[in-house]
Amino acid sequence: MPPPRQRFRALLSARLNEQEIASLPRLNDELARKLIDRIDNAPLFAHAYALLGNLTYGEYGPDDVLDFAHRHGLAGACIHLLDGEERSLGRMSDEQLRAFSRRARSLGLAIHLEISTTLHADVDEVVRIAGILGVRHIRVYSRFEGRLSEVMERIEQDLHRLAALADQHDLTFSFEQHEELRSTEIAELLCRVNHPRLHAMFDFGNMINACERPLEALTALAPHILQAHLKGVHILPEGDGFGHRGVLQGSPDDDLPGARMLFELLMLGDDKPQVIALALEQENLYYAPAFRHAGEGEDPFIPYRELSTTGIPDGWTREDLLAAEPGWADHQVAHVKELLATLRGIAVAQLDPTNSLAGAR
């Protein structure tokens, strides 16, 4: 078997260009010890989107997301207020919300909430529901239309309001890079507002639609990342931009450097881990078009975008989708856990050369 450093380099080099491979850190004992500690405490969360078909077209509700997280031994679940339609958290009575919170606590699961807007009424509602549930972490993103400069100004105003609400209600907000804004632009906004309760949500694939490379996007957002969405993406060239289609994470169709991105997220933070939630957001069959383009100019027009959703694909029946989707979600958990186990085994072998089979699978 190759030595640990060679295995480490080979694992993390997948889907990288030469420059990105050259930037790989050298595995040494100090890095190995830190990596083992971070993997042993990796905050893997379920994500309701991985079960969105059943939540939208079937009979699943937020309790089923809790069951999934508990069955797989995860630390918590990220759930959108709208997931589950009439069964969603956003439609529950206060007593139903309190019962849901009690059940999550009984299962030892943390809950993080998500909404797809920064509009005042929607933010106020998620803050209200977070208070009932005892939730402290909320994901948001904006969906404004207009010139980039105008959109940035509106988002900055909303971020200032989020900061005030975060202080008032003991919350943190994570702003996601969501296909139309670039990671550099979100980092700029967060630096402008400069508030300790405002952070970034890093998504594995959304930078593709903003015409960014995955590692460049991660590097730009790294100082701000508190949470992350993990998934697989097939990149689709569209003119002078790129769309993407969701695929099974780690499959041959997955074009993302998933191992390298997961490693970088784990290693953020010096004394303690910076990232508090690695949400498993399998999005098989999802499609998003190019939003940004290489030749767009300095102040491009940003079109309005609808809420993300995955419909029933051509050639599929509703029953086919509902039956297949839980298996896709299971697949992602298995893939990520195996990837973490392999990384840990390599780190153990680095510290104990006699353990040459550590992590071999």
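Both backbone and side-chain heavy atoms feed into the values below; hydrogens, waters and symmetry mates do not.
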K.L.:
Going by an N to O cut-off under 4.0 Å, is there a salt bridge joining Arg245 and Asp253?
P.N.:
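Not counted as a salt bridge, because no side-chain N and carboxylate O are separated by less than 4.0 Å.
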
K.L.:
As an exercise, state the distance from OG1 of Thr118 to CZ of Arg143, rounded to the nearest 0.5 Å.
P.N.:
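Here the rounded value is 9.5 Å.
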
K.L.:
Using the benzene-type ring in the case of Trp, are the ring centres of Phe8 and Phe263 under 6.0 Å apart?
P.N.:
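That pair passes the under 6.0 Å test.
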
K.L.:
So do Ile208 and Leu236 actually touch side chain to side chain, heavy atoms under 4.5 Å?
P.N.:
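Heavy-atom side-chain distance check fails, nothing below 4.5 Å.
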
K.L.:
Side-chain contact, heavy-atom cut-off 4.5 Å: His47 with Glu114?
P.N.:
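The answer is yes, as the side chains (C-beta and beyond) meet within the 4.5 Å cut-off.
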
K.L.:
Side-chain heavy atoms nearer than 4.5 Å, only ILVMFWY residues, links allowed to pass through others: does that put Leu113 and Leu109 together?
P.N.:
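Same cluster.
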
K.L.:
Is it the case that the side chains of Tyr141 and Thr117 hold a donor-acceptor pair, with the cut-off being a distance below 3.5 Å and no angle test?
P.N.:
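No, no side-chain donor-acceptor pair sits under 3.5 Å.
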
K.L.:
Looking only at atom types and distance, does a side-chain atom of Gln332 sit under 3.5 Å from a main-chain N or O of Gln282, one as donor and one as acceptor?
P.N.:
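Yes.
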
K.L.:
Charged N to carboxylate O under 4.0 angstrom, Arg102 versus Glu95?
P.N.:
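Between Glu95 and Arg102 there is a salt bridge, with a charged N closer than 4.0 Å to a carboxylate O.
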
K.L.:
Between Asp255 (side chain only) and Ile235 (backbone N and O only), is there a donor and an acceptor less than 3.5 Å apart?
P.N.:
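Yes, the answer is positive, given that a donor and an acceptor are paired below the 3.5 Å cut-off.
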
K.L.:
Please identify each residue that fulfils ring-ring contact (aromatic ring centres under 6.0 Å, His included) with His137, with sequence neighbours left out.
P.N.:
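His137: ring-ring contact (aromatic ring centres under 6.0 Å, His included) contacts with His112.
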
K.L.:
Just by distance, do the side chain of Asn54 and the backbone of Leu322 share a donor-acceptor pair under 3.5 Å?
P.N.:
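Flag set: sc Asn54 to bb Leu322 pair under 3.5 Å.
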
K.L.:
Do the non-hydrogen side-chain atoms of Leu81 and Ile129 ever get within less than 4.5 Å of each other?
P.N.:
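In contact.
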
K.L.:
Ignoring hydrogens and angles, state whether a donor on the side chain of Thr317 or Asp320 is under 3.5 Å from an acceptor on the partner side chain.
P.N.:
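Distance-only check passes for Thr317 and Asp320.
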
K.L.:
Is the shortest distance from a Lys or Arg side-chain nitrogen in Glu185 or Arg292 to a carboxylate oxygen in the other one below 4.0 Å?
P.N.:
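Looking at Glu185 and Arg292, the cut-off is met.
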
K.L.:
If I compare all heavy atoms of Arg105 with all of Leu133, which pair ends up nearest, and what's the gap?
P.N.:
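Heavy atoms of Arg105 and Leu133 come nearest at NH1-O, 4.5 Å.
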
K.L.:
Testing Leu307, Leu82, Asp122, Val140 for side-chain contact (heavy atoms from CB on, under 4.5 Å) with Ser116, which one passes?
P.N.:
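Output: one option passes, namely Leu307.
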
K.L.:
Look at the side chain of Glu296 and the backbone N and O of His293, then say whether any donor-acceptor pair between them is shorter than 3.5 Å.
P.N.:
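Present.
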
K.L.:
How about Leu198 and Leu159: do any of their side-chain heavy atoms sit closer than 4.5 Å?
P.N.:
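Yes. Closest side-chain heavy atoms under 4.5 Å.
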
K.L.:
Could you tell me whether Arg147 sits above the aromatic face of Phe301, with NZ or CZ closer than 6.0 angstrom to the six-membered ring centre and within 45 degrees of the axis?
P.N.:
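No cation-pi geometry.
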
K.L.:
In the structure I gave you, are the side-chain heavy atoms of Glu180 and Pro303 within less than 4.5 Å of one another anywhere?
P.N.:
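The answer is no, as the side chains (C-beta and beyond) never meet within the 4.5 Å cut-off.
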
K.L.:
Is the shortest side-chain heavy-atom distance between Gln227 and His199 below 4.5 Å?
P.N.:
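No, their side chains stay 4.5 Å or more apart.
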
K.L.:
Taking the side chain as every heavy atom from C-beta outward, state whether Ile111 and Phe100 have any atom pair closer than 4.5 Å.
P.N.:
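Yes; the side chains approach each other to less than 4.5 Å.
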
K.L.:
Does the pair His244 and Tyr286 meet the rule for a ring-ring contact (aromatic ring centres under 6.0 Å, His included), with working shown?
P.N.:
CA-CA 8 Å; His244 84 248; Tyr286 171 77; 5.6 Å; yes

K.L.:
Are the side chain of His178 and the backbone N or O of Phe175 linked by a donor-acceptor pair below 3.5 Å?
P.N.:
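Side chain of His178 to backbone of Phe175: no pair is present.
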
K.L.:
Applying salt bridge (charged side-chain N to carboxylate O under 4.0 Å, His left out), can you list everything that pairs with Asp203, at least two apart in sequence or on another chain?
P.N.:
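Per chain and number, Asp203 pairs via salt bridge (charged side-chain N to carboxylate O under 4.0 Å, His left out) with Lys231.
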
K.L.:
Enter the distance from Thr184:OG1 to Gln177:CD here, rounded to the nearest 0.5 Å.
P.N.:
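If we round to the nearest 0.5 Å, Thr184:OG1 and Gln177:CD are 10.5 Å apart.
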
K.L.:
Can you confirm whether Gln157 sits close enough to Arg161 that some side-chain heavy atom of one is under 4.5 Å from a side-chain heavy atom of the other?
P.N.:
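Of all side-chain heavy-atom pairs linking Arg161 with Gln157, none is under 4.5 Å.
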
K.L.:
Kindly say whether Ala210 contributes a backbone atom to a donor-acceptor pair with the side chain of Arg182 at under 3.5 angstrom?
P.N.:
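A pair under 3.5 Å: yes.
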
K.L.:
Report yes or no: does Arg197 contribute a side-chain atom to a donor-acceptor pair with the main-chain N or O of Leu171 at less than 3.5 Å?
P.N.:
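Side chain of Arg197 to backbone of Leu171: a pair is present.
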
K.L.:
For the residue pair His331 and His335, does the interplanar ring angle fall in the parallel (under 30°), tilted (30 to 60°) or perpendicular (over 60°) class?
P.N.:
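Parallel.
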
K.L.:
Please name the residue in the list Ile302, Leu181, Leu119 that meets the side-chain contact (heavy atoms from CB on, under 4.5 Å) test with Phe144.
P.N.:
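Of the listed residues Ile302, Leu181, Leu119, the side-chain contact (heavy atoms from CB on, under 4.5 Å) partner of Phe144 is Leu119.
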
K.L.:
Counting distance only, does the side-chain N/O of Asn194 pair as donor-acceptor with the main-chain N or O of Cys191 below 3.5 Å?
P.N.:
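Side chain of Asn194 to backbone of Cys191: no pair is present.
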
